[in-house]
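Have a look at the structure below, then the notes.
Quick note: numbers below take in every heavy atom, side chains included, and nothing from hydrogens, waters or symmetry partners. Naming convention: chains lettered A, B, ... in sequence-line order (proteins, then strands); numbering from 1 in each chain.
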Amino acid sequence: MIDKNYAPQEIEQKWYAYWLENKLFASKPNPEKEAYTIVIPPPNVTGVLHMGHMLNNTIQDVLIRKARMEGKEACWVPGTDHASIATEAKVVAMLKDKGIAKSDITREEFLKYAFEWKDKYGGIILDQLKKLGASCDWDRTRFTMEPSLYQAVIDTFVRLYNKGLIYRGVRMVNWDPQGKTALSDEEVIYKDVQAKLYHIQYPLVDGSGSVTIATTRPETIMADAAICVNPADERYVHLHGKKVRIPLIDREISIIPDEYVTLDFGTGCLKVTPAHDLNDYELGLKHKLPVIDILNDDGTLNEKAVLFVGVDRFEARKRIVKQLTEEGYLTKTDEYKSTVGTSERTGAVIEPKLSLQWFMKMEEMAKPALDNVMNDNIQLHPAKFKNTYRSWMENVRDWCISRQLWWGQQIPAFYLEDGTVIVAKDKKEALRIARDKYQLYALVEDDLTQDPDVLDTWFSSWLWPISVFDGIENPDNDEIKYYYPTNDLVTGPDILFFWVARMIMAGYEWRDELPFKNVYLTGIVRDKQGRKMSKSLGNSPDPLELIERFGADGVRSGLLFSAPAGNDLLFDDKLCEQGRNFSNKIWNAFRLLRGLEVVPGASLPEHVLATAWFTSKLNQTIIDVQDDFSKFRISDALLSIYNLVWDDFCGKYLEIIKPAYQSPIHADTLRDALSLFDSLMRLMHPYMPFITEEIWQVIDERAEGESICKAEFPIAGPVDAALVAQFDVVFEVVTKIREIRNSKQLSPKLALALHIKAENQAAYAPVEAILVKLANLESITFVADAVADAQTFVVKADQFFVPLANDEDPAVVKAESEKELAYLQGFKKSVEAKLANEKFVANAKADLVERERQKLADAETKIQSLQELLARLG
RNA sequence: GGUCUUAUAGCUCAGCUGGUUCAGAGCACCUGCCUUACAAGCAGGGGGUCCUAGGUUCGAAUCCUAGUGGGACCA
């Protein structure tokens, strides 16, 4: 006997091993078939699976499994990202625990440790994905730092440098004092903070008083280059060109006028600090002010600060405030709401810093990337992200691509002793160029020094859809030609610019073609209070534990029950519980069919009819599901299937064909039912791969190595709308009778008699047996007149009577019927009004008008029946 | 501050090109059932001013405008 509760753990393990063993996820170019390709958004190599990955990868798996079943050559490429900042931080921390400082070891030693660490802890996340059922082609697993992908990055750098798209220059960049590296604009997260606005007096050199400036960063006064006022500000006109002394250090600076200053902010006097603020920097350029950088790379103050040398910037702020107060320079402190940029990876407060870095020009590359999204060559789902995408692409700024780290692709720029830069794929090539270009024939490799910096992680990720198929190194290979462009990309909107936009740029740059046709943007998984899931809040469930509790199928369907594209998902265990219950429901439906005793023979006519009815429902659902998928409504498609399986198949179809207790089922009926079950399993397989495989394998004889993974996805046949309508009437009647039973508190075991006053008695003949069974009737009798002492109801135009001693207050019964009548009369009136409206008849579509006429006719017959009923009630 | 987006049942959301009297699903809730596939279940039920105010239209949850409250991105 099969267990009545579905136990997923063993089953999941068994089938995943089977799938791998039989290479069911493996793909290779097959010209006979259409390719369907997804590249995984590579998770950080040292990351662990979180709920966002679960959602994201479930969606990818649903898409890829469906494509595979539809006979496409489905290829899902997995892999990991080296995540330079995050991983380097982890390796540094690991070394620190061992008592090793990064500064004490060489680059080579560090990288050795880093690779060891990666080999030990990296890729855990990929094993976790297997638990989820992810059908990746694991033989294709790639890593952004492996030799071939590393080389692709180097080649890209050289190519773009030679095209003049990459340059090196001193610019104001976002400096992360904790990671001690520059960051791109996109890696800076702005946060609201409650800051203080300090009002500081600067004495005039001529002794005629002082000016007061307002600043949130008093520790930068030592870097001041000027005081700036708006020329239109009458308060300060007399001060233009005068000099003030910076408090505490007594350095003299000028007061200059510039329209940049806002009159009504603070005091209207702005301290200009070109080294530590982007706007001040530009103001400084305009007025040729000196740049005085008082900060070290780690955020401590340097000698140029004069005061607090070696002290951290935040500590220095506290101390300088204290000193300014003591010496009477600080006149006022206001509370001030402000925003501060922080590092996406380390969380440290970003310092704008003037620094020599490598940049990529974005304007030219952004153009095809923008155009091809706006014209829908590449579709974003949901489309609302097109707006956000456009505004970003239209305002794109040059990309700072160098990072002061060791873990990553080292920039292929080589310097001669005099600082001359040679960009080449390796030192040998650089030497050749140096010799040829500068006639430096005596030069040897040791005379060249490679740039110590590495490239931004995204500078490798943006090549991912191409580089996983070696399309950069070997652009004409069979794989890239077959699999590229890929089809769908599934990712979060938070990396739309970091990653998606740049992949599109890289696609057009390298292959003059889009990298994927659709981008499905998932929402963020939040907890049920709407908070983002995070380690520090501890509100993120452990995905593997969820799988343990609810089964992978349960978790997958649970996540998708409420995950419309682009909308955040408020996660609750409850959803997975619902998914698990669904697994169990399917399991028990199958137990029922498996447990039946079979006798040879043809199906009863009502069973044949029920099979035809359910087939229509199934076909309709397949049509709906395909429509949903075409619009990336993955969640809606699942709900359609859920309702079909639970309500129509289990609740109705199985109840109709289920034989009485200990009675056998006819072989033909069982065959039909199992055939439908088989279709349902195939329809559901993309969502619930494990349980569907388990059942599919025993529904019928299967060959060794065969799998539902490669079985055909159901194809919709015809839908018999009339039959569906007829069954709707049956179910409505059944519900009414059950309602009577419930309200009278009668046992479901008590068979009732039913009398029908029907317009068309013959219409009931084929479904009588079904009515008897579902409503538990002892008899159906057709009558010409009303039946006394009976519970009555009307469906369509027909009247139904269930003879029961009527102990209800006739007035109540009458009131209810009158209420229904009034409703129908109102309905009729509104439809009549509509049809009498010439503009409606003239403007509305013909079939709509026809439907309205039908509605009117139906309402009229029903009203008539109700009136008869009421007449009898007196 | 700018741009975009959103507001529907207690909760999470559907409602697709305006057209069933359209107000719907799941969960939650209430009532009754351990009816031999499933209590992780079955039968039935209650519940909404479709944010507010205008407008367009024969007709508005759906389109437009303004306001209010959320959210996202950008600075």
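No contact: E577(A) has no heavy atom under 4.0 Å from any strand. Residue N387(A) is classed as a sugar-phosphate contact, given heavy-atom separations below 4.0 Å to backbone atoms only. Counting non-hydrogen atoms under 4.0 angstrom, R580(A) reaches a base of the nucleic acid. When heavy atoms are screened at a 4.0 angstrom cut-off, T388(A) is found touching the sugar-phosphate backbone but no base atom. Residue contacts shown for R526(A) are limited to sugar-phosphate atoms, with no base heavy atom under 4.0 Å away. Contact annotation for R633(A): backbone-only contact, meaning every heavy-atom pair under 4.0 Å involves sugar-phosphate atoms and none involves a base. Across all strands, E655(A) comes closer than 4.0 Å to base atoms (heavy-atom distances). Nucleic acid contact for S583(A): none, since no nucleic acid atom lies under 4.0 Å from a heavy atom of the residue.
Comparing A39(B), A75(B), C16(B) by their closest approach to the side chain of R397(A) singles out A75(B). Comparing C27(B), G44(B), A37(B) by their nearest atom to the side chain of N588(A) picks out A37(B). Checking G44(B), U35(B), C16(B) against the side-chain heavy atoms of K631(A) singles out C16(B) as nearest. The V831(A) side chain lies nearest to U21(B) when the options are U21(B), C4(B), A37(B). The side chain of N742(A) lies closest to G44(B), out of C42(B), C73(B), G44(B). Checking G32(B), C58(B), A37(B) against every side-chain atom of Q745(A), the shortest atom distance belongs to G32(B). Among the nucleotides U36(B), G44(B), C58(B), the one closest to any side-chain atom of T735(A) is G44(B). Closest to the side chain of D636(A), out of G44(B), A14(B), C74(B), is A14(B). You'll find that the side chain of K749(A) is closest to U35(B), out of U35(B), A40(B), A43(B).
Between R738(A) and N584(A), the residue anchored closer to the 5' end of RNA chain B is N584(A), taking for each the nucleotide with the nearest heavy atom. Nearest-nucleotide mapping onto RNA chain B: of N581(A) and L570(A), the residue sitting toward the 5' end is L570(A).
Residue K574(A) places at least one side-chain N or O under 4.0 Å from the OP1 or OP2 atom of A28(B). For A40(B), neither phosphate oxygen OP1 nor OP2 lies less than 4.0 angstrom from any side-chain nitrogen or oxygen of K585(A). Dashed line: the shortest gap from a side-chain N or O of N5(A) to OP1 or OP2 of C38(B) is not under 4.0 Å. Distances shorter than 4.0 Å separate some side-chain N or O of K4(A) from OP1 or OP2 on A39(B). Phosphate proximity of C42(B) to W646(A): present, with a side-chain N or O under 4.0 Å from OP1 or OP2.
Across all strands shown, G44(B) forms a Watson-Crick or G-U wobble pair, both distances under 3.5 Å, with C30(B).
Remark: the E577(A) side chain and the N581(A) side chain contain no N/O donor-acceptor pair separated by less than 3.5 Å. T58(A) and Y687(A) share no donor-acceptor pair across their side chains, judged by distance under 3.5 Å alone.
Rounded to an integer number of Å, the gap from CZ of F385(A) to C1' of U6(B) is 12 Å. Computed from coordinates, the F629(A) CZ to C16(B) P distance equals 21 Å when rounded to whole Å.
Salt bridge annotation for R549(A)-D573(A): present, with a cationic side-chain nitrogen under 4.0 angstrom from a carboxylate oxygen.
Using cut-offs of 30° and 60° for the angle between ring planes, the W458(A) and F498(A) rings count as parallel.
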side-chain contact (heavy atoms from CB on, under 4.5 Å) between H666(A) and V599(A): does it pass, once the steps are laid out?
CA-CA 5 Å; H666(A) 289 120; V599(A) 289; 3.7 Å; yes

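Distance noted for atom P between A66(B) and C4(B): 11 Å (whole Å).
Relative to the six-membered ring of F800(A), K736(A) misses at least one condition, a distance below 6.0 Å or an angle of at most 45° to the axis.
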